[in-house]
Amino acid sequence: MSSTDMLGLTDKVAIVWGGGFGMGERTSIRLAEAGAHVAVVDLVPERAESVAAELAAGGAKSVAITADVCSPESVDAALAEAEAALGAVDVMATVIGLGVWGQILDQSMEQWEEAHRINLTSFWNPARAVARSLIRNGKPGAIACVSSVSGLTAAPNHAGYGAAKAGMINLIRTMANEWGPHGIRVNAAMPGVCDTPRLKMGEEGLAKMREKLPMGRPGQPDEIAKGLVFLLSDLASYVSGHNLHVDGGWTSTFLMQSGFGAVEGDSP
Ligand SMILES: NC(=O)c1ccc[n+]([C@@H]2O[C@H](COP(=O)([O-])OP(=O)(O)OC[C@H]3O[C@@H](n4cnc5c(N)ncnc54)[C@H](O)[C@@H]3O)[C@@H](O)[C@H]2O)c1
């Protein structure tokens, strides 16, 4: 058996929400490399089109779709368009999120709600639409999203983001529980620091950060994509409700990095 067949994604229909950029772009590419037919959905039409064209040039069946994942109507229309072009969906990933910055006492209600809309509703909407399709078609399937270490630890200056990502880590467990009887698995890949354009740090900040990271470097978008593809593949056929740490060991060593437990016999 080839390694591609082992993934069980050959000729499967995949939909990647936020698939036109960064980790989402890499997820679209990796799924196509694994033999899936991929619907690339993005709010920005040119992003979806350019990634879908790249997949098609590589020989994959793909379609570019413009949609807003925060709108249920837009999500339903996008899923219908994807299924008309490629067939009934088997697997999906949502790769969308954004930090809304500011201290809790300085934030407005609008900022709080926006953080939840773009980081939690953005997964809730497409996950429900895809689960409904899978159940209607009597197909097993897999659903994955991108959480964050900010959903596990305190998230100073971006409380809404952290609370929404913590909500996402809980939501995958409930979805896994409610949809498991239909053969639907639901998981998250959790980056620590990832080298995307959003990581706006000077050289000094980057050097300090590298010192703190166990592997001495941030993750690459492709490494998060590989985590997502694993979760969507047959290799993870009995993995559900799991938040996979794709953080280079960062969260495992946080207490050590803070100085606690650095002395033998002094571990908390
Ligand atoms: N970069 C990091 O260090 C880091 C760390 C932890 C977690 N994350 C998470 O990684 C994920 C991906 O981040 P990223 O920086 O690769 O991409 P991103 O979230 O900035 O954007 C991905 C794509 O989604 C599209 N998009 C945005 N809003 C949309 C909407 N409403 N409807 C449809 N498409 C929309 C964008 O146009 C873009 O092409 C996010 O969930 C983020 O929270 C990132």
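Just follow the structure's listing: the first ligand is 1, and inside any ligand the first atom is 1.
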For Trp179, does the CH2 atom have more than 12 heavy-atom neighbours from other residues, nucleotides or ligands under 6.0 Å away? yes
In plain terms, say whether Lys208 and Glu211 are close enough for a salt bridge, that is, a side-chain N and a carboxylate O under 4.0 Å apart. no
Please give me the minimum heavy-atom distance between Ile96 and Lys165, naming the atom from each residue. O-NZ, 4.2 Å
Tightest non-hydrogen contact, residues Asp68 and Val75, listed as O-CG2, 3.9 Å
Need the list: ligand 1 N/O atoms against protein N/O atoms, distance under 3.5 Å, rounded to one decimal.
unit_1, atom_1, unit_2, atom_2, d
ligand 1, 1 (N), Thr196, OG1, 3.1
ligand 1, 3 (O), Cys194, N, 2.9
ligand 1, 3 (O), Cys194, O, 3.4
ligand 1, 13 (O), Arg198, NH2, 3.2
ligand 1, 15 (O), Arg198, NH2, 3.1
ligand 1, 16 (O), Met23, N, 3.2
ligand 1, 19 (O), Gly97, N, 3.0
ligand 1, 19 (O), Gly97, O, 3.0
ligand 1, 19 (O), Arg198, NH2, 3.1
ligand 1, 20 (O), Arg198, NH2, 3.0
ligand 1, 31 (N), Asp68, OD1, 2.9
ligand 1, 32 (N), Ala67, O, 3.4
ligand 1, 32 (N), Val69, N, 3.0
ligand 1, 34 (N), Leu43, N, 3.1
ligand 1, 37 (O), Asp42, OD1, 2.6
ligand 1, 37 (O), Arg47, NH1, 3.1
ligand 1, 39 (O), Asp42, OD1, 3.2
ligand 1, 39 (O), Asp42, OD2, 2.5
ligand 1, 39 (O), Arg47, NH1, 3.0
ligand 1, 41 (O), Ile96, O, 3.0
ligand 1, 41 (O), Gly97, N, 3.3
ligand 1, 41 (O), Lys165, NZ, 2.9
ligand 1, 43 (O), Tyr161, OH, 2.6
ligand 1, 43 (O), Lys165, NZ, 3.1

Donor-acceptor pair, side chain of Asn177 and main chain of Arg173, under 3.5 angstrom: no
Can a donor-acceptor pair be found, under 3.5 Å and without considering hydrogens, that links the side chain of Gln220 to the backbone of Cys194? no
